[in-house]
Amino acid sequence: MTSAAEQRAPAEGRAAAPSTNGARRAPVPGPPVWPGTPTPLGARFRVGPDGVAGTNFALWAAGAHAVRLCLFDADGRETGVPLTELTHEIWHGFVPGVLPGQRYGYRVDGRWDPWTGARWNPAKLLLDPYARAVDGEFTLPAEVYGHVRDWPEQRVADTVRDERDSAPYVPKGVVVHDDDDWSDDRRPKTPWADSVIYELHVRGFTKLHPGIPEQLRGTYAGLAHPAAIEHLARLGVTAVELLPVHQFAHEDHLLRRGLSDYWGYNSVGYFAPHAAYAASGTAGQQVGEFKRMVRALHAAGIEVILDVVYNHTAEAGELGPTLSLKGIDNRAYYRLQDDARRYADYTGCGNTLHVVRPQVLRLITDSLRYWVTEMGVDGFRFDLAAALARSMHDVDMLSPFLAVIAQDPVLRRVKLIAEPWDIGSGGYQVGAFPPLWAEWNDRYRGAVRDFWRHALPDVREMGYRLSGSSDLYAWGGRRPYASVNFVTAHDGFTLRDLVSYERKHNEANGEENRDGSDDNRSWNCGAEGETADPEVRALRRRQLRNLLTTLLLSTGVPMLVAGDEFGRTQGGNNNAYCQDNATGWLDWSLLDEPGWRALFALTSRLIALRHRHPVLRRRAFFSGRAQAADGLRDLAWFTARGAEMTEGDWYAPAATLGMYLSGRDIPGRDERGAQVVDDSFLAVLHAGAEPAGFVLPGPPWAEGYEVVVDTSREDQSAPPGTAHPAGTELTVPGRSVLLLRVLGGPGTG
């Protein structure tokens with residue numbers, strides 16, 4: 001074998017490691033190719049000249065010397081078809097007789113010069129970035145790497161080109177017939193302020209559900225099944241936020257440990273629904289199955305939001321595989337460092353898409369529009385959105401990506417949620433995204449966790465988070481629903497584990513418990529992990545009720561994680577990204593236990609309460625000022641003495657906080673122009689371990705109060721319904737929330 005120095009390619013050369021095993025078979029001569037058109041990109045079946053059916057193929061590959069379309073039959077035999085038409089950097093051709101179901105890929109030839117970022121290698125079969133369906137799995141043997149993965153000198157391994165054919169080892173794109181006009185679909189179009197989001201994993205949610213037929217579990221068809229939708233409808237959520245369903249690949253380090261990428265944050269196909277989640281087949285059937293799932297959810301009044309990963313791809317850094325973009329035009333698609341062998345990595349995943357470049361921006365926006373217009377989805381949550389908002393280096397809220405989204409007639413009308421951070425310098429951008437965008441509010445998560453483990457120095461932060469986070473979002477015309485409030489997400493402890501573990505237990509991930517966050521802000525209630533102690537178990541269930549009640553009474557958009565409503569656990573694993581097993585799947589048998597059924601009933605009742613009462617889902621921030629001569633304000637804060645809080649009270653240590661929400665002073669009007677009027681409520685949150693007195697405020701706030709929710713009660717099957725006159729000193733049980741409805745007086749809706 002030649003040395004690494006001998007393998008270095010000159011600017012116009014193509015030196016490579018010798019080809020021994022896995023040499024590429026000569027492709028069978030292909031059918032005739034007509035010129036076709038450069039748009040749309042991808043593979044589009046249509047009727048061509050003279051009424052001849054076929055498929056138009058178009059691939060943007062600006063720096064390539066040649067592009068060969070590769071067609072594969074059922075036995076894997078390859079037919080090579082050169083694309084010779086080149087228009088505006090797009091290689092294209094119409095191939096008559098190529099019908100839906102045809103498997104295909106590309107070989108792209110060009111310079112091999114990693115020192116300048118050029119990594120073309122025609123021995124590697126590449127997935128079409130615009131493929132609508134993908135057949136097969138990425139298993140990542142050495143043959144799928146553009147360089148010699150196992151080169152003895154690893155520091156220069158990425159500079160040595162591998163000549164072995166990757167076609168037998170990689171999935172193929174599939175030609176799909178787009179014949180659906182969605183005329184029978186009715187999108188729910190739920191207003192932001194009325195939304196309750198439910199984050200779920202298609203496979204994990206359905207895999208163990210006893211009401212779903214076994215052959216449909218773990219699939220889009222399983223999520224569309226009436227048994228799955230019944231649970232969502234009973235709970236009352238308005239939208240499901242699906243963990244990534246774009247075609248993704250598993251990381252090599254996981255495959256070597258016998259694990260897989262369960263969450264799917266490793267995209268490789270931005271137009272293709274992940275094939276492994278299809279029950280009906282992977283030769284294009286997955287597209288129709290996904291559409292039927294969306295229709296079924298829409299029919300139940302539930303929107304579909306996709307968690308999308310446009311910040312990086314599964315090709316990783318210079319030592320990663322060559323699957324698609326890296327082999328099409330590495331320098332154009334990825335951000336490279338000054339040393340162009342290396343990748344700029346703002347994501348922690350090895351690479352970052354170069355969204356400033358027009359063609360990369362087009363790839364992303366074309367993908368987004370496709371999922372809205374042709375797949376029926378209602379919105380997107382953008383993973384590490386700050387990486388997309390970077391201009392050349394810094395995060396820029398006037399970046400091309402955000403500007404294009406803001407003016408796009410399709411995308412500006414759907415729900416847009418940012419995960420407002422990345423790992424690069426200046427990447428934490430909570431509260432900074434422009435109007436149209438909502439954000440995951442991790443300031444909310446931290447404050448609520450800290451309050452209920454009694455770790456806040458005072459209640460200032462909690463006051464902001466309960467009332468819509470105006471300190472973060474009251475600018476530029478943004479509204480309280482810019483804040484997506486959450487206590488848990490897929491990344492981190494489940495809600496039950498949050499009150500059961502103080503340390504992560506990720507040993508099953510095979511990384512010696514080094515992975516996952518150490519900043520969990522959790523409290524195990526006196527014992528680490530599962531315990532038979534009845535007092536600890538009762539306290540944990542109470543804390544779960546407190547956390548869920550706080551979330552669903554807060555102003556903003558609440559997000560629940562699937563299974564938290566009935567006590568799902570991951571055994572203390574706070575990074576179950578590679579646990580495609582019982583750790584990551586929902587255990588539906590928990591609903592057979594009375595205690596967890598009661599938690600589900602409370603969650604469902606709280607969501608229903610939220611839907612009934614507009615005072616809990618305000619469309620504008622509170623003013624905190626008196627709206628009438630009686631001095632009643634839309635929002636008021638009370639100490640345990642029943643007195644309005646002073647500035648000093650906000651800075652003093654406290655375990656108890658009273659929040660008054662006036663239903664008389666809700667801004668805005670209903671659809672008929674009438675003033676919106678609702679009941680008024682007083683919420684009392686007490687994080688102290690011992691019971692505490694709380695004096696119920698008198699006039700003008702109320703003449704009396706009726707208890708609606710009491711989280712100290714184990715049985716939540718019916719509301720307490722206890723009435724108390726104003727001025728009463730109510731005993732608030734330790735670690736509990738009381739929600740009281742105002743009776744009488746001007747505070748009554």
Side-chain angles (χ1 to χ4, degrees), residues 38-42 58-62 88-90 128-130 132 192 244 246 267 269-272 305-313 324-325 328-329 331-336 344 346-347 351-422 424 426-427 429-440 475-478 482 484:
T39 56
L41 290 168
L59 178 74
W60 184 87
H88 302 312
E89 303 179 324
I90 297 171
D128 180 3
Y130 281 73
R132 306 295 176 102
W192 259 123
H246 287 167
S267 299
Y270 289 133
F271 291 78
I305 298 171
L306 301 188
D307 194 336
V308 290
V309 188
Y310 294 112
N311 55 77
H312 76 280
T313 75
S324 183
L325 305 180
I328 294 171
D329 197 328
R331 295 179 298 185
Y333 277 109
Y334 294 114
R335 291 180 181 265
L336 303 179
Y346 297 111
T347 66
N351 64 51
T352 306
L353 281 178
H354 205 335
V355 181
V356 174
R357 293 187 177 272
Q359 186 54 40
V360 182
L361 188 57
R362 178 182 178 183
L363 170 67
I364 295 172
T365 53
D366 282 353
S367 168
L368 292 168
R369 283 189 292 268
Y370 170 75
W371 286 95
V372 174
T373 61
E374 298 192 41
M375 300 295 273
V377 307
D378 306 285
F380 306 93
R381 177 265 187 189
F382 292 81
D383 180 64
L384 300 182
L388 298 173
R390 289 183 180 271
S391 290
M392 294 311 296
H393 299 288
D394 296 333
V395 178
D396 178 7
M397 291 304 158
L398 298 176
S399 67
F401 171 74
L402 294 177
V404 167
I405 296 291
Q407 61 78 42
D408 189 283
V410 172
L411 301 180
R412 68 189 182 202
R413 296 179 181 177
V414 302
K415 288 184 167 67
L416 303 170
I417 305 171
E419 183 184 35
W421 51 77
D422 65 20
Q429 293 289 323
V430 172
F433 275 72
L436 291 184
W437 287 81
E439 298 175 14
W440 271 23
W475 63 272
R478 303 187 82 184
V484 175

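Quick note: numbers below take in every heavy atom, side chains included, and nothing from hydrogens, waters or symmetry partners.
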- Distance, nearest 0.5 Å, that separates NE2 of His354 from CZ of Arg390: 12.5 Å
- What distance separates Tyr370 OH from Met375 CE, expressed to the nearest 0.5 Å? 4.5 Å
- Main-chain N/O of Leu398 paired to Asp396 side chain as donor or acceptor, under 3.5 Å: yes
- Spacing of Leu388 atom CG and Leu402 atom CG [to the nearest 0.5 Å]: 8.0 Å
- Might you point out which heavy atoms bring Gly42 and Asp128 nearest each other, and give the distance in Å? CA-OD2, 3.4 Å
- Item | Asp394 CG to Ser399 OG distance, which is reported to the nearest 0.5 Å | 11.5 Å
- Query: Side chains of Asp422 and Asn311: donor-acceptor distance under 3.5 Å anywhere?
  - Reply: no
- Message: Any heavy-atom pair between the side chains of Val355 and Ile364 that's under 4.5 Å?
- Response: yes
- Message: Between Thr39 and Leu41, does the side chain to side chain contact (heavy atoms under 4.5 Å, CB included) criterion hold? Intermediate values first, please.
- Response: CA-CA 5 Å; Thr39 56; Leu41 290 168; 5.8 Å; no
- Message: For Tyr270 together with His246, are the ring centres under 6.0 Å from each other?
- Response: yes
- Message: Before you tell me yes or no, could you show the steps for Val377 and Ile305 under side chain to side chain contact (heavy atoms under 4.5 Å, CB included), namely the whole-Å CA-CA distance, both residues' side-chain angles and the distance that decides it to 0.1 Å?
- Response: CA-CA 6 Å; Val377 307; Ile305 298 171; over 6 Å; no
- Spacing of Leu411 atom CG and Ile405 atom CD1 [to the nearest 0.5 Å]: 4.5 Å
- Classify the side-chain pair Ser367/Tyr130 by whether it contains a donor and acceptor separated by less than 3.5 Å. no
- For the pair Glu419 (side chain) and Leu384 (backbone), establish whether a donor and an acceptor sit closer than 3.5 Å, ignoring hydrogens and angles. yes
- Message: Can you give me the closest heavy-atom contact between Ala386 and Pro420, atom names plus distance?
- Response: CB-C, 4.4 Å
- Determine, step by step, whether Phe271 and Leu363 satisfy the side chain to side chain contact (heavy atoms under 4.5 Å, CB included) criterion, reporting the C-alpha distance in whole Å, the side-chain angles of both residues, the deciding distance to 0.1 Å, and the verdict. CA-CA 10 Å; Phe271 291 78; Leu363 170 67; 3.9 Å; yes
- Does Met397 reach the side chain of Phe433, with side-chain heavy atoms less than 4.5 Å apart? yes
- Item | ring pair (Phe, Tyr, Trp, His ring centres under 6.0 Å) evaluation trace for Trp437 with Phe382 | CA-CA 10 Å; Trp437 287 81; Phe382 292 81; 5.1 Å; yes
- Item | For the student: nearest non-hydrogen atoms of Val395 and Gly427, plus distance | CG2-CA, 4.2 Å
- Quick note, salt bridge (charged side-chain N to carboxylate O under 4.0 Å, His left out) partners involving residues 356-374, not counting sequence neighbours, are Arg44-Glu374, Arg132-Glu374, Arg362-Asp366, Asp366-Arg369, Arg369-Asp408
- Point-to-point distance, once rounded to the nearest 0.5 Å, from CG of Leu336 to CG of Asn351: 10.0 Å
- What do you reckon, are the aromatic ring centroids of Tyr333 and Trp60 less than 6.0 Å apart? yes
- Task: Kindly give the heavy-atom pair with the smallest separation between Leu325 and Pro129, and that separation in Å.
- Result: CD2-CG, 3.6 Å
- Do Arg381 side-chain atoms and Glu439 backbone N/O form a donor-acceptor pair below 3.5 Å? no
- Message: The test is side chain to side chain contact (heavy atoms under 4.5 Å, CB included); show your working for Val356 and Leu361 and say whether it passes.
- Response: CA-CA 7 Å; Val356 174; Leu361 188 57; over 6 Å; no
- Message: How close do Ala406 and Arg412 get, counting heavy atoms only, and between which atoms?
- Response: O-CD, 3.5 Å
- Query: Quick one: is the NZ or CZ of Arg335 closer than 6.0 Å to the six-membered ring centre of Tyr346, and within 45° of its axis?
  - Reply: no
- Any donor-acceptor N/O pair, Thr347 side chain to Thr352 backbone, under 3.5 Å: no
- Task: Please report the shortest heavy-atom distance between Ala332 and Val360, naming the atom on each side.
- Result: O-CG2, 3.4 Å
